Amino acid sequence: DSGVTQTPKHLITATGQRVTLRCSPRSGDLSVYWYQQSLDQGLQFLIQYYNGEERAKGNILERFSAQQFPDLHSELNLSSLELGDSALYFCASANFGRLKGGYTFGSGTRLTVV
Amino acid sequence: GESVGLHLPTLSVQEGDNSIINCAYSNSASDYFIWYKQESGKGPQFIIDIRSNMDKRQGQRVTVLLNKTVKHLSLQIAATQPGDSAVYFCAENGEGGGSNYKLTFGKGTLLTVNP
């Protein structure tokens, strides 16, 4: 157990629907990162939050949004889902006061859009 | 822009052999590098890291080499075991520190260990 918790582990939904992925960071980590991983794209950075504030955006579609709550858990919202959104979505957390070790990843949510 | 890439997308080795996985990076300002291992169905896990003021770092059966002159990073796995079969990613931190700390990942190399 890495200490980063992601739910649900698997999600199957239809095109056009909306889903919410949840992430609880490791205790003490203020920063949360979301990544999308598909077979041919590797780990694609989506968005970063630090202590509730958005800090960086990557290749995140306008149909996607995220937020980090006061208790530091984060949610990634995916709407108007398309078949191409099927992928693994990873959350990672980090503690800047302890740069060593990089990110700690959760086990991911596998999203299948049918 | 910055990018981190891998020379070989797949690597197949025999059990007991040594494995070498390579990575090229383009941001000369990167000061911290990490190798991650991702097993099937799991999230990436930290293996070993190295700072830019070093050129070699050893862990248990793993060694990371950094050549800043040619912007190249490699991961050496000694006496490769079937449990080492996974995708290996290199990552660099070249876009700031503190709360702007962000890693850039390479595409990954699939290592397959044959018994």
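Just so we're clear, the structure is a prediction, and the values are computed from it rather than from any experiment.
- A distance of 6.0 Å or more separates the ring centres of A:Tyr35 and B:Tyr36.
- B:Tyr25 and B:Ile50 fall within the same hydrophobic cluster, where Ile, Leu, Val, Met, Phe, Trp and Tyr residues are linked whenever their side-chain heavy atoms come under 4.5 Å apart, directly or through other members.
- At a threshold of 4.5 Å between non-hydrogen side-chain atoms, the residues B:Phe105 and A:Gln37 do not count as touching.
- Residues passing the side-chain hydrogen bond (donor to acceptor under 3.5 Å, both in side chains) test with A:Ser65: none are found, sequence neighbours excluded.
- Residues of residues 72-82 of chain A placed with any heavy atom under 4.5 Å of a heavy atom in chain B are absent; none qualify.
- The shortest non-hydrogen separation linking A:Tyr103 to B:Leu103 is OH-N, 2.6 Å.
- B:Glu39 pairs by the salt bridge (charged side-chain N to carboxylate O under 4.0 Å, His left out) definition with B:Lys42, not counting sequence neighbours.
- Side-chain heavy atoms closer than 4.5 Å link hydrophobic residues (I, L, V, M, F, W, Y) into clusters, and following such links, possibly through other members, connects A:Leu43 to A:Leu88.
- Under a hydrophobic-cluster definition in which Ile, Leu, Val, Met, Phe, Trp and Tyr are linked whenever side-chain heavy atoms come within less than 4.5 Å, directly or via other members, B:Leu111 and B:Ile48 are assigned to the same cluster.
- Rounding to the nearest 0.5 angstrom, the gap separating the CD atom in B:Gln45 from the OG1 atom in A:Thr104 is 10.0 Å.
- The neighbour count for A:Ile12 CD1, taken as heavy atoms of other residues, nucleotides or ligands under 6.0 Å away, does not exceed 12.
- Identified under the disulfide (SG to SG under 2.5 Å) test for residues 58-95 of chain A, with sequence neighbours left out: A:Cys23-A:Cys91.
- Residue A:Phe105 is grouped with residue B:Leu110 when hydrophobic side chains (ILVMFWY) are merged at heavy-atom distances under 4.5 angstrom, including chains of intermediate members.
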